[in-house]
Amino acid sequence: MVGPDHDLESTLIDLTEIPLPELTDLDDSVLAHALRRIEELVATSEVSAEFDSSI
Amino acid sequence: MIEIQPSVRTHKLSGRDFDLIAASAAGPGTIAVLARAELSKHLLLLRTVMAVGADRFPSAYSAAGLDSGFQLLTDVQRTDPTTAAQVIGLPHFGAWAFRCLSGFHRDSDDRERAAELGRLNALAALAAIRSGLEARLRVPVRNGALALPTLGALHLPGPAWAELRHTPGVGTFALPPGRAGIRLPIGEGSGGNGRWSPVARLRNPPGSVPVEVLVDDVDPALGTTYRRGRPGGEEPDRRWRTHFAPAWRLLSRHHGERARALAAALHTVVPLAARPTGRTSGTAPSAFGAVAMSPPGDAASFAEALVHEFQHVVLGALNDMMPFTERDSGARYYAPWRPDARPVDGLLHGCYAYIGVTEFWRRVRAHVSARHRAHVEFARWRSAVERTLDALEEAEALNEAGVRLVRGMRASTEAWRSERVPRAAQRDADTLNADHRLTWLTSRPAEARPR
């Protein structure tokens, strides 16, 4: 179990410093896990399109 | 467990920030960490939309003029990276990208796809306007409205596209094909011969936590995300303004930490039509910073809905950074706020939202006019949350992060136990919970009843 002083690793790749032209040059293989996550998120978004106050 | 290549840097979250989120105590600093992760998500979405769009739908991609929008955004990033990041981080941006990606799977034609993709140009134009750069590019006109995210919409029946020109110091103009240019009175309130509908802004009343929230009923991506599209030209419902000031004052005075966090996370409210059964609200994981809700009936309900949806915004962003569960085991659970049985992920998100709701009523119940109702709300959701946490603690599908999250959620409720509630309010709360459970049980066959 990770303690309060330890960082938790995210599965989300950090692109916050990338120049936009380099964004399109990123290789699919580098982004493979992230792209899978995007697919999951898109699927999640579709499911949650049924909106209500109570999830 | 997903394996990540060592050369790729991923986002990190400190154990302290994680535990603050679990305890529903995230402040502006923790919200900023989540917002940064959401920025990466939006950039990844942008990259995916560009790659998939060019590869699979070259005609729509070309018709949308996506490269010109991307180039303009690149120019803004080069000269004003802060503004570029702010625009890419907007909920409008996330909603746009998700609409494109989900639209790639739908049966839509190239014209529709091009119009969807072309919204990037409107976002890029916004970035140029904000950073004082010149812009000249085509933007789509949907449902008779040319919408500029966060700014407003120009009523423009007829064309499917119009050129948008922005010249710093001169102004912003829409040029529909074959017609005279129309100046957009950005930042000047209503104008343009009644054609321009500015996005409404709600601001904190004097003496309360500073905040500015947009009430956006013109952005097509947010509108379709929430199934709420309406052309511009109508004045936004007055109830937003009427009830926002007292709602925000209530939060600022009695739930100040939450108000500060809300001010950091909440960017836009998307108005929804009320349902025949009453008010409704929701949050889409694709649009970090936006919440949707029907017009509020009173200040306390407005504040409650803001807190409720804020919880979803926060947990949704954390969930974007890391999963809380292993594969769906198929187990379904009773949720005291829903008519249907929920998977463990849904139960977790709902419970987290209702922890926020319960804490809200705990703090404000002595300070609102409808005190009986406030006591009932507190007592009802306190019981419901306790029961749900029992189920979550036994759920086998939670991973390490999920277990830690639930542990923090439980700890955040411990102070509730010693809180006294007037007998009549407790009785009404118990009746509401019992009725919900009974209705739920009798609405499904015995063999289909989950845990």
Side-chain angles (χ1 to χ4, degrees), chain A, chain B residues 2-5 7-16 18-19 36-37 39-41 43-48 50-51 70 73-74 77-78 84-85 98 101-102 225-227 272 279-282 284-286 292-293 305 308-309 312 320-323 335 337-338 346 349-350 353 400-401 404:
Chain A
M1 174 58 68
V2 180
D5 297 330
H6 294 81
D7 288 351
L8 283 89
E9 193 81 30
S10 168
T11 53
L12 195 59
I13 187 169
D14 188 347
L15 297 171
T16 54
E17 302 295 332
I18 194 169
L20 283 174
E22 291 178 25
L23 186 68
T24 48
D25 293 337
L26 286 172
D27 193 273
D28 271 3
S29 62
V30 174
L31 295 174
H33 77 277
L35 294 175
R36 277 200 301 277
R37 176 67 181 143
I38 289 297
E39 286 175 13
E40 288 171 17
L41 292 172
V42 170
T44 305
S45 177
E46 286 294 283
V47 171
S48 63
E50 283 295 335
F51 284 100
D52 204 344
S53 56
S54 41
I55 191 164
Chain B
I2 298 167
E3 286 191 17
I4 297 164
Q5 294 184 25
S7 59
V8 178
R9 195 159 60 97
T10 59
H11 283 275
K12 288 183 170 57
L13 186 73
S14 73
R16 181 175 179 277
F18 183 94
D19 291 337
R36 204 168 158 75
L39 175 59
S40 279
K41 186 179 94 174
L43 285 161
L44 193 57
L45 286 166
L46 172 61
R47 188 262 183 204
T48 309
M50 302 278 296
F70 187 77
L73 209 49
T74 300
Q77 191 196 43
R78 196 175 297 123
F98 266 77
L101 290 176
S102 57
T225 295
Y226 290 106
R227 298 180 181 173
L272 297 176
R279 288 180 292 112
T280 184
S281 63
S286 59
M293 58 182 72
H308 181 147
E309 299 309 332
H312 283 307
D320 282 346
M321 294 183 78
M322 62 191 71
W337 40 80
R338 294 270 301 208
H349 280 259
E400 191 175 328
R404 181 169 172 168

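Values reported hereafter were calculated over all heavy atoms of this structure, with side chains retained and with hydrogens, waters and symmetry mates removed.
B/Ala85 pairs by the side chain to side chain contact (heavy atoms under 4.5 Å, CB included) definition with B/Leu39, not counting sequence neighbours. Applying the side chain to side chain donor-acceptor pair (under 3.5 Å) test to A/Glu17 and every residue at least two apart in sequence or in another chain returns B/Arg36.
Nearest heavy-atom pair, B/Leu46 versus A/Leu23, reported as atom, atom and distance to 0.1 Å: CD2-CD2, 4.0 Å. Heavy-atom minimum distance, A/Leu15 versus B/Ser40: N-OG, 2.8 Å. In terms of heavy-atom proximity, A/Glu9 sits nearest to B/Met322 at O-CE, 4.4 Å.
The distance from atom CG of A/Asp14 to atom CZ of B/Arg9, rounded to the nearest 0.5 Å, is 4.0 Å. The distance from the CE atom of B/Met50 to the OG1 atom of A/Thr24 is 6.5 Å, given to the nearest 0.5 Å. Rounding to the nearest 0.5 Å places OG1 of B/Thr10 at 8.5 Å from CG of A/Leu12.
Proximity of A/Leu8 to B/Arg404: side-chain heavy atoms (C-beta onward) are separated by under 4.5 Å at one or more points. Contact of the A/Thr16 side chain with the B/His11 side chain is registered, since non-hydrogen atoms from C-beta on lie closer than 4.5 Å.
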